[in-house]
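Just below is one structure, and these are the notes that go with it.
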Amino acid sequence: MTDRFTGSFTQQEPIPEDAIAAAVEVMRHGRLHRYNTAPGEISETARLEAEFAAFTGARYCLAVASGGYALACALRCLGVAPGDPVLTNAFTLAPVPGAIASLGAHPVFVEVTETLVIDLDHLATQIAASGARVLLLSHMRGHICDMDRLMMLCDAAGVRVIEDCAHTMGASWGGVPSGRHGVLGCYSTQTYKHLNSGEGGLIVGDDADLMARAVLLSGSYMLYDRHDAAPPATAFEGLRLDVPNVSGRMDNLRAAILRVQLRALPDRVARWTRLYAAMERGLHGTPGLRLIGSPPQATHVGSSFQFLLPGWEGARIQTLLGACAARGVELKWFGAARPSGFTSRYDHWHYADPAPLPRTDRVLAELLDMRLPLTFTPQDCAQIARIIRDEVQRA
Ligand SMILES: *Cc1c(COP(=O)(O)O)cnc(C)c1O
């Protein structure tokens with residue numbers, strides 16, 4: 001008899017009861033818009049920003065409508081203009097090149113390594129070849145590159161770094177929270193990320209000018225004094241009439257449920273670490289399968305799991321996917337010819353007119369991926385690993 005996994009790879013945990021209560025309170029008073037405050041009241045959104053700034057150690061924080069909005073807003077803050085080249089990872093998800101394209105700028109893709117991080121040698125080549133002055137660095141699937149080397153390289157070349165931390169909220173490199181190496185850090189609070197408000201995003205940074213721009217861009221209607229984690233009014237003086245309003249604010253309902261979840265984030269990270277470790281234990285030593293691993297400087301949030309099947313042909317991988325799916329294990333493959341669901345690849349983004357990247361092609365053709373929602377237990381992960389190990393040996 002072969003066992004079958006019956007859990008759902010897309011089922012997140014419910015919103016905690018105290019977060020529901022906080023949301024109900026906002027609905028009872030009806031002041032959902034962040035600037036709709038009673039006299040002396042500090043909005044849920046402003047409170048969330050102050051709490052997230054403290055969580056990351058950033059001076060300033062802005063809550064916005066989505067992770068993708070956060071990325072585009074950060075690029076605008078840095079003055080990225082139509083036609084500008086912007087460096088980014090070839091291995092990332094569609095909202096990253098999409099944010100670059102939304103400004104009329106042009107993504108310049110950088111190769112990925114076998115450990116799923118940006119290839120720093122190729123980054124140096126692409127900086128020189130493109131003349132780009134901004135890198136939108138995506139910590140895709142939580143894998144963090146050597147941030148010390150990356151920052152040294154970018155600083156020396158005059159390239160400013162925006163970090164896409166959609167998969168690294170709660171992670172760190174060398175003891176520094178992810179999102180705090182670059183000039184701006186962007187996060188997503190979309191349902192499949194580390195905090196869940198359906199949609200939502202956060203931007204953090206220490207630079208008063210950049211963060212004042214971000215606040216004005218998000219649509220602050222000159223009410224920036226109602227922020228608790230924004231730069232002082234003087235930072236807005238020279239900007240307030242020059243920065244357009246590109247509305248993308250967060251609302252108090254989402255902020256209310258995020259504030260409660262943020263307090264539980266360290267616990268969530270610890271639980272993801274246990275799920276990830278159970279997967280690693282279960283798959284360790286499987287012939288034909290390579291685990292990714294992570295360097296000692298990184299604390300990694302294991303909200304998803306990846307592995308490589310080096311040298312496997314596409315047809316054999318398809319067989320494995322079918323066999324695993326039949327046993328309830330939903331694997332995503334980055335090598336498929338057509339994008340499906342969330343899994344698209346750089347050469348599917350035709351608007352960016354991407355040049356071929358042989359190393360990335362090789363890695364993605366062998367790369368399998370799955371979510372590890374917190375509704376799974378370590379026992380579930382052990383069972384999933386057993387099924388994959390079985391089917392890898394059979395395929
Ligand atoms: C989810 C995600 C984003 C932002 O997405 P939104 O859905 O706009 O919140 C950005 N980058 C990566 C890698 C993501 O997975």
Side-chain angles (χ1 to χ4, degrees), residues 5 9 89-93 109-123 125 138-146 149 167 275-298 300-327 329-348 354-372 381-395:
F5 180 64
F9 284 81
N89 314 48
F91 176 45
T92 185
L93 290 187
F109 294 112
V110 182
E111 296 263 32
V112 70
T113 70
E114 288 67 23
T115 54
L116 307 187
V117 297
I118 193 165
D119 175 339
L120 295 179
D121 295 326
H122 192 239
L123 174 62
T125 305
S138 185
H139 302 297
M140 179 65 171
R141 292 299 189 248
H143 301 285
I144 302 179
C145 74
D146 181 340
R149 204 182 139 210
H167 303 166
L275 297 183
Y276 196 90
M279 285 298 306
E280 273 191 326
R281 260 196 314 278
L283 288 175
H284 182 79
T286 305
L289 180 152
R290 194 193 302 155
L291 299 175
I292 308 299
S294 75
Q297 299 96 318
H300 172 248
V301 182
S303 52
S304 67
F305 193 86
Q306 294 75 42
F307 59 88
L308 293 169
L309 296 169
W312 283 46
E313 295 294 330
R316 192 170 166 214
I317 292 182
Q318 290 282 16
T319 305
L320 174 71
L321 292 180
C324 287
R327 295 178 66 181
V329 173
E330 247 179 74
L331 295 174
K332 304 262 193 273
W333 180 36
F334 276 93
R338 292 169 61 86
S340 76
F342 289 89
T343 309
S344 66
R345 197 174 56 215
Y346 81 93
D347 55 326
H348 298 141
L357 296 167
R359 189 175 189 183
T360 301
D361 291 343
R362 213 169 334 109
V363 171
L364 297 188
E366 301 173 341
L367 179 62
L368 295 182
D369 177 40
M370 76 186 97
R371 288 204 177 94
L372 296 178
C381 291
Q383 187 192 10
I384 293 165
R386 210 158 50 234
I387 291 171
I388 294 171
R389 178 191 274 269
D390 249 26
E391 296 301 336
V392 162
Q393 282 164 338
R394 199 166 308 178

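Residue numbers run from 1 in the order of the sequence given.
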Notebook entry, point to check: For Gln393 and Pro287, which heavy atoms make the closest approach, and how far apart are they?
Noted result: NE2-CD, 3.4 Å
Note to self: Tell me every residue that passes ring-ring contact (aromatic ring centres under 6.0 Å, His included) with His300, counting only those two or more places apart in sequence or in another chain.
What the structure shows: His143, Tyr276
Next item on the list: Indicate yes or no: does Arg149 engage Asp121 in a salt bridge with an N to O separation below 4.0 Å.
Entry: yes
Checklist line | Exercise: do Ser304 and Gln306 side chains pair donor with acceptor under 3.5 Å | finding: yes
Margin query: Which residue in the set Val363, Thr113, Val112 passes side-chain contact (heavy atoms from CB on, under 4.5 Å) when paired with Asp119?
Written below: Thr113
Notebook entry, point to check: Say you draw a straight line from CD1 of Ile144 to NE2 of His167; how long is it, rounded to the nearest 0.5 Å?
Noted result: 12.5 Å
Notebook entry, point to check: Is the side chain of Glu366 donor-acceptor paired with the backbone N or O of Gly311 at a distance under 3.5 Å, no angle test?
Noted result: yes
Notebook entry, point to check: Side chain of Asn89, backbone of Thr92: donor and acceptor closer than 3.5 Å?
Noted result: no
Next item on the list: Identify the two heavy atoms, one from Leu367 and one from Trp333, that lie closest to each other, and give their separation to 0.1 Å.
Entry: O-CD1, 3.3 Å
Note to self: Applying salt bridge (charged side-chain N to carboxylate O under 4.0 Å, His left out), can you list everything that pairs with Arg394, at least two apart in sequence or on another chain?
What the structure shows: Asp390, Glu391
Margin query: For a ring-ring contact (aromatic ring centres under 6.0 Å, His included) check, start with the C-alpha distance between Phe91 and Phe334, then their side-chain angles and the critical distance, and finish with the verdict.
Written below: CA-CA 9 Å; Phe91 176 45; Phe334 276 93; 5.1 Å; yes
Check: Can you check whether Leu331 reaches Ile388 side chain to side chain, under 4.5 Å on heavy atoms?
Finding: yes
Item checked: Main-chain N/O of Ala336 paired to Arg345 side chain as donor or acceptor, under 3.5 Å -> yes
Note to self: Taking Arg359's backbone N and O only, do any of them form a donor-acceptor pair with His122's side chain (distance below 3.5 Å, no angle check)?
What the structure shows: no
Notebook entry, point to check: Any idea how Phe9 and Phe5 line up, ring-wise: parallel (<30°), tilted (30 to 60°), or perpendicular (>60°)?
Noted result: perpendicular
